[in-house]
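Order of the sequence lines fixes the chain letters, A, B, ..., with proteins taken first and strands second; residue numbering starts at 1 for each chain.
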Amino acid sequence: MSFQNYLTAELEKLGQAENWPEFDTARAAVEPPRDAAHGDMATNAAMVLAGQVKQNPRALGEKITEILKNHPDVTAAEVAGPGFVNFRLKPEIWQSCLKTVLESGTAYGDSDIGRGRHVNVEYVSANPTGPLTAGHARGAVVGDALAALMQKAGYEVIREYYINDAGAQVEKLARSVYLRYREALGEEIGEIPEGHYPGEYLKEVGEALKNRDCTMWTEAEEKDWLPVCKEIALEMMMEEIRRDLQDIGIKHDVFTSEQAIIDAGAVDEAFSILEGRDLIYTGVLEPPKGGQRPDDWEERPQTLFRATEFGDDVDRPLKKSDGSWTYFANDIAYHWDKYKRTQGALINILGADHGGYVKRLSAAVTALTEGKASVECKLCQMVHMFDNGEPVRMSKRAGTFVTLRDIIDKVGGDVLRFIMLTRKNDQTLEFDFAKVVEQSKENPVFYVQYAHARCCSVLRNAVEMFPDADLSDAALAEANLSLLETEEDLALIRLMAGWPRFVRSAAEAAEPHRIAFYLQELAAAFHAFWTKGRGETQLRFLLEDNRPLSMARLALVRSVALVTASGLAVMGVQPVEEMHA
RNA sequence: GCGCCCGUAGCUCAGCUGGAUAGAGCGUUGGCCUCCGAAGCCAAAGGUCGCAGGUUCAAAUCCUGCCGGGCGCACCA
């Protein structure tokens, strides 16, 4: 029985015995205290209940102390501060945690809080009009790590990519490709005109079209070559995007095409549902006040969705002036489709520049599903690129920007992934090409990997020292773990014992970056232990003349490696076993 | 003008969904290599948690209003 349940049950009894008024223990928690010096576990129950049952918190704390002391695993308990009850557990409780780690491997920390429920994580979803950039990289990593985290927490996860292959942007793309096609045929095209994508990356698309169709389209009209250019451009761009993603270990389960959603009539369907609920009307929007008023603003009636009824600031247009659907209308249909397919929660990972979009989207989802579902949008703030402290100049208009491919080539996927998770998603992130490959403690990637490598190194040395010993995880799990009784041993064990709790709360908060911070903390504790062993022989992992303790310490070291690997797996980073200069 | 996000040590950032004396890295100062990897560790100094109210046993955390910075603001995606 958990301490939480034990305590609530005992408090119920006490309440009856002492004739307390009605009380609620929901906010009474049993948790490890923030400061380990306070003990192994602590509860705020006395403070939560004091007001409800009209008793002095410290006096109530004394009674709770007695209750806890009766628990077989508790060795000591005391009231502290304003009414906390701190208590200590038998060392065996902690030591046995290592056995669990060794038996579970990297599955340690898995939980079932998701209870198999479905969650759809949509991420990247970059326009297929160019290569993925540094900004996309962040969303890609955050989304993928979140998906892995939810999986570890017991959710059934669908990883999805929405391809914006309809609308004006892809037509612009197609026209740009047509220019490159004519260029490939030897024509002098000069400067790429306004309203086209200037990037060099389209040259190879034009080239490919030339190689396939020769001069077939040179004399054709736009209505004939446009679909051709569009198709080949989309195909090649998506291929490149998939390849980039694959090279950082990202593979989506589902790619959904915006055009396919439209073609399937899903937009009409969603529209008529909303219309049936009287959520569509024709009206005139006010222009935005203040400095940002567009100069080409024309006041005219539009087909609007009553987003304001669901918390948005204004009602939102569903049709453009030419009568076609807006992006938003398509997106409503897409989310309706996604909801029907997913049968569960929807999470979108978006760039910060889409911040103004989330209210209308959740309004639409709430409206369509009649409140049965909602979409949670996580916004990733911008990534600022540096090289050794110098900002890397980027200009979208000139077509010069740092691509995901650049980063992979320069620092590799593991570094990229780790660094992208070293900030909370709504915090801007600095990415410095020079710093992220530095081999020192200020680089968290290195610091954590180094800890893992050191663990592996100890295990390699153990083979030398005890050639006849069975050092498999199963064997180490049977070591005499009660020998791990120093404060240093227990500190490390406590940290690892908290891993499952940590994973759960990170999953509940949908914050994968926390994993990176946990791993740094674990690495720090391990490095500290290591260094202490240099001075105090008894704190070394391997003691030639003390085989039982060595085996127990190996169980500890191996556990550190496994927990680290377990965390890195969520982040999608490969643990390294050796690092040499 | 409106909406969303951010404001915590000199700098870059955590802070486990309201808990005890607010933490880490860099930088500064001073220590630790006959011994498992010193690419590491230990210690010291450094804070009105942007400001002002409010909620309660308890606020960096929740609410309101300001101040400062970022992003966005019909028919783009």
Asks: For U34(B), is chi within 90° of 0 (syn) or not (anti)?
Replies: anti
Asks: If you pin A80(A) and R27(A) to their nearest nucleotides in RNA chain B, which one's is more 5'?
Replies: A80(A)
Asks: Both R501(A) and T422(A) contact RNA chain B. Taking the nearest nucleotide for each, which residue is further toward the 5' end?
Replies: T422(A)
Asks: Where the side chain of Q381(A) is concerned, which of A74(B), C5(B), A20(B) is the nearest nucleotide?
Replies: C5(B)
Asks: Between G15(B), A14(B), G19(B), spot the one nearest the side chain of N44(A), thanks.
Replies: G19(B)
Asks: Return the nearest nucleotide to the side chain of R534(A); candidates are C33(B), C41(B), A74(B).
Replies: C33(B)
Asks: Rounding to an integer number of Å, can you tell me how far L429(A) CG sits from G70(B) P?
Replies: 18 Å
Asks: Answer yes or no for this row: W530(A) ring on C41(B) base, centroids under 5.5 Å, planes under 30°.
Replies: no
Asks: Both distances under 3.5 Å, Watson-Crick or G-U wobble: report the partner of G30(B), or none.
Replies: C42(B)
Asks: Does G37(B) have a Watson-Crick or wobble mate here (both distances under 3.5 Å), and if so which one?
Replies: none
Asks: Kindly confirm whether the side-chain ring of F84(A) is stacked on the base of A20(B), judged by centres under 5.5 Å and planes under 30°.
Replies: yes
Asks: Please report the distance, rounded to the nearest Å, between CZ in R540(A) and P in U34(B).
Replies: 13 Å
Asks: Taking the side chain as C-beta and beyond, is there a heavy-atom pair between M41(A) and E31(A) under 4.5 Å?
Replies: no
Asks: Could you please name the option among C4(B), G40(B), G19(B) that lies closest to any side-chain atom of S440(A)?
Replies: G40(B)
Asks: Measure the CZ-CE distance between F431(A) and M420(A) for me, rounded to the nearest 0.5 Å.
Replies: 5.0 Å
Asks: Which base, if any, makes a Watson-Crick or G-U wobble pair with C66(B), both distances under 3.5 Å?
Replies: G50(B)
Asks: When we call it a touch if two heavy atoms are under 4.0 Å apart, what does S457(A) touch: a base, just sugar-phosphate, or nothing?
Replies: base
Asks: Within the structure, does a side-chain N or O atom of K424(A) lie under 4.0 Å from either OP1 or OP2 of G15(B)?
Replies: yes
Asks: Would you say Q427(A) reaches G70(B)'s phosphate, i.e. side-chain N/O to OP1/OP2 under 4.0 Å?
Replies: no
Asks: Would you please confirm or rule out a distance under 4.0 Å between OP1 or OP2 of A38(B) and any side-chain N or O of R454(A)?
Replies: yes
Asks: Quick one: label G167(A) by what it contacts on the DNA or RNA (base, sugar-phosphate, nothing), any heavy atom closer than 4.0 Å.
Replies: sugar-phosphate
Asks: Select one nucleotide: of A14(B), C41(B), C71(B), the one nearest the side-chain heavy atoms of H513(A).
Replies: A14(B)
Asks: Which value, in whole Å, describes the distance between the P atoms of nucleotides C16(B) and G53(B)?
Replies: 25 Å
Asks: With respect to the phosphate group of C75(B), does any side-chain polar atom (N or O) of K319(A) fall under 4.0 Å of OP1 or OP2?
Replies: no
Asks: I'd like the C1' distance from A38(B) over to U34(B), given in whole Å.
Replies: 15 Å
Asks: Need one value for E578(A): base, sugar-phosphate or nothing, where a base atom within 4.0 Å counts as base even if backbone is also close, heavy atoms only.
Replies: base
Asks: Looking for any heavy atom pair under 4.0 Å, which part of the strands does R316(A) touch: base, sugar-phosphate only, or nothing?
Replies: nothing
Asks: In terms of base orientation, is C33(B) syn or anti, with the syn window spanning 90° either side of 0?
Replies: syn
Asks: Take atom C1' in A9(B) and the same atom in C4(B), then report the distance between them in whole Å.
Replies: 29 Å
Asks: Nearest to the A453(A) side chain among A74(B), C42(B), G37(B), which nucleotide is it?
Replies: G37(B)
Asks: Counting any heavy atom closer than 4.0 Å, what does A524(A) reach on the DNA or RNA strands: base, sugar-phosphate only, or nothing?
Replies: nothing
Asks: Is there a donor-acceptor pair under 3.5 Å between the side chain of Q449(A) and the backbone N or O of V576(A)?
Replies: yes
Asks: Write down the distance separating the P atoms in U64(B) and C6(B), rounded off to the nearest Å.
Replies: 14 Å
Asks: Decide, applying a 5.5 Å centre-distance limit and a 30° plane-angle limit (both strict), whether H38(A) stacks on A20(B).
Replies: yes
Asks: Taking atom types as they are modelled, would you say the side chain of T428(A) forms a donor-acceptor pair with the base of G70(B) within the 3.5 Å cutoff?
Replies: no
Asks: I'd like the P distance from C63(B) over to C26(B), given in whole Å.
Replies: 35 Å
Asks: Hydrogens and angles aside, do Q169(A) and N127(A) bring a side-chain donor and acceptor to less than 3.5 Å of each other?
Replies: no
Asks: Any side-chain donor paired with an acceptor under 3.5 Å for T65(A) and E78(A)?
Replies: no
Asks: Using atom P of each nucleotide, how far apart are G72(B) and G65(B) to the nearest Å?
Replies: 25 Å
